[in-house]
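Here the structure is a predicted model, which is why all the values come from computation and not from measurement. We count residues from 1, following the sequence as given.
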Amino acid sequence: MRWLTLYARSRQVPASLAAMVISAVAVGALAGDGSEGPADPRLPVLVLAMGAMAASIGLGGQDVALDRTAAIRWVPRRAAHVLLAAAVVGAMLLAVQAMGADMGTTAFVLRDSAGLMGLAALGAALSGGQYAWTLPFAWLSFSFFAPPATSTPTQVASWMLLPPGTPAATWTALALTVAGTTAYAFTGPRR
């Protein structure tokens with residue numbers, strides 16, 4: 001068995017992909033055909049967050065001690081894992097959008113998928129792979145109930161729901177992506 005296949009199986013990638021596809025198709029069916037006007041950003045953010053939470057389960061391996069002692073360089077593999085998961089999460093939503101549901105612009109999808117996976121990677125570094133989903137879930141929950149984004153702190157708090165040209169949202173997503181990917185790549189999941 002090749003190392004990539006073994007790595008994907010140990011990180012539960014098939015189950016994560018199945019969860020991503022099911023959630024994307026379900027929310028795409030709920031979205032309709034998009035002829036009612038501009039799309040509500042909560043639906044695509046919900047799909048992206050569910051995808052990031054499903055992918056976050058694979059950020060911790062079956063045996064953390066084995067991950068820490070293996071004779072391979074983990075830093076580039078861990079960073080690639082987070083970035084590839086962000087690309088797959090975004091691609092799922094773009095595929096649903098290609099089927100007819102207006103779910104937002106490509107820039108919106110790329111920003112939010114990268115930020116949410118960075119947040120999940122930060123959760124894995126802080127809490128372990130088993131609880132990596134909690135940070136994206138908590139921030140998503142807060143964003144849905146946050147006050148209107150009129151000041152910079154409220155824009156940072158609700159970055160997921162803001163249009164793609166908003167500087168505070170873009171910088172927040174970028175900071176979460178870089179911080180989460182770096183923390184996870186160098187430290188791995190917490191025990």
Side-chain angles (χ1 to χ4, degrees), residues 8 11 13 16-31 34 37-59 76-125 132-133 135-144 146 149 152 154-185:
R11 301 299 178 170
V13 171
S16 295
L17 281 174
M20 283 185 221
V21 169
I22 289 169
S23 64
V25 170
V27 174
L30 290 174
D40 183 11
R42 291 179 291 187
L43 276 176
V45 168
L46 186 61
V47 172
L48 293 171
M50 287 190 301
M53 287 185 271
S56 71
I57 300 301
L59 293 177
R77 286 174 174 82
R78 288 183 187 133
H81 184 155
V82 172
L83 298 176
L84 184 60
V88 170
V89 167
M92 289 290 176
L93 184 64
L94 293 175
V96 168
Q97 184 168 322
M99 292 188 292
D102 184 21
M103 301 292 270
T105 64
T106 304
F108 178 83
V109 172
L110 292 177
R111 180 196 72 195
D112 281 13
S113 63
L116 282 163
M117 273 312 298
L119 197 56
L122 188 60
W133 61 271
L135 281 180
F137 178 77
W139 204 314
L140 174 72
S141 300
F142 180 76
S143 294
F144 275 13
T152 302
T154 57
Q155 286 181 346
V156 168
S158 60
W159 66 272
M160 292 181 222
L161 301 173
L162 297 177
T166 310
T170 303
W171 284 107
T172 302
L174 182 63
L176 288 171
T177 304
V178 170
T181 304
T182 303
Y184 177 73

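Thr154 meets the side chain to side chain donor-acceptor pair (under 3.5 Å) test with Ser151; sequence neighbours excluded.
Nearest heavy-atom pair, Thr177 versus Ala173, reported as atom, atom and distance to 0.1 Å: OG1-O, 2.7 Å. The heavy-atom pair separating Ala86 from Ala114 by the smallest distance is CB-CA, 4.0 Å. In this structure, Phe137 and Met53 approach most closely via the heavy-atom pair CB-SD, 3.6 Å. For the residue pair Phe108 and Val45, the shortest heavy atom distance occurs at CZ-CG2, 3.6 Å. Of all heavy-atom pairs between Ala52 and Val89, the closest is N-CG2, 3.8 Å. Between Pro163 and Arg111 the shortest heavy-atom distance is O-NH1, 3.0 Å.
Taken from OG1 in Thr170 to CG in Asp112, the straight-line distance is 9.5 Å, to the nearest 0.5 Å. How far CH2 of Trp133 is from CG of Leu140: 12.0 Å, rounded to the nearest 0.5 Å. Summarising the geometry, atom CZ belonging to Arg78 is positioned 14.0 Å from atom CG belonging to Leu83; distances are rounded to the nearest 0.5 Å. Note that OG1 of Thr181 and NE2 of His81 are 11.0 Å apart. Values are rounded to the nearest 0.5 Å. With rounding to the nearest 0.5 angstrom, the CG atom of Leu176 is 7.5 Å from the CG atom of Leu122. Atom OG1 of Thr172 sits about 11.0 Å away from atom CG of Leu119, to the nearest 0.5 Å.
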- Query: After noting the C-alpha distance and the side-chain angles of Leu116 and Trp139, does the key distance pass the side chain to side chain contact (heavy atoms under 4.5 Å, CB included) rule?
  - Reply: CA-CA 9 Å; Leu116 282 163; Trp139 204 314; over 6 Å; no
- Task: Determine, stepwise, if the pair Leu17 / Met92 fulfils side chain to side chain contact (heavy atoms under 4.5 Å, CB included).
- Result: CA-CA 9 Å; Leu17 281 174; Met92 289 290 176; 4.0 Å; yes
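Listed by first and then second residue, the salt bridge (Lys or Arg N to Asp or Glu O under 4.0 Å) pairs involving residues 42-52 are Asp40-Arg42 (not counting sequence neighbours).
Counting only heavy atoms from C-beta outward, the side chains of Phe144 and Leu161 approach each other to under 4.5 Å. At least one side-chain heavy atom of Val82 sits less than 4.5 Å from a side-chain heavy atom of Leu59.
Counting only distance, with no hydrogens or angles, the side chain of Ser113 and the backbone of Leu110 share a donor-acceptor pair below 3.5 Å. No side-chain donor-acceptor contact under 3.5 Å links Ser158 to the backbone of Ser143.
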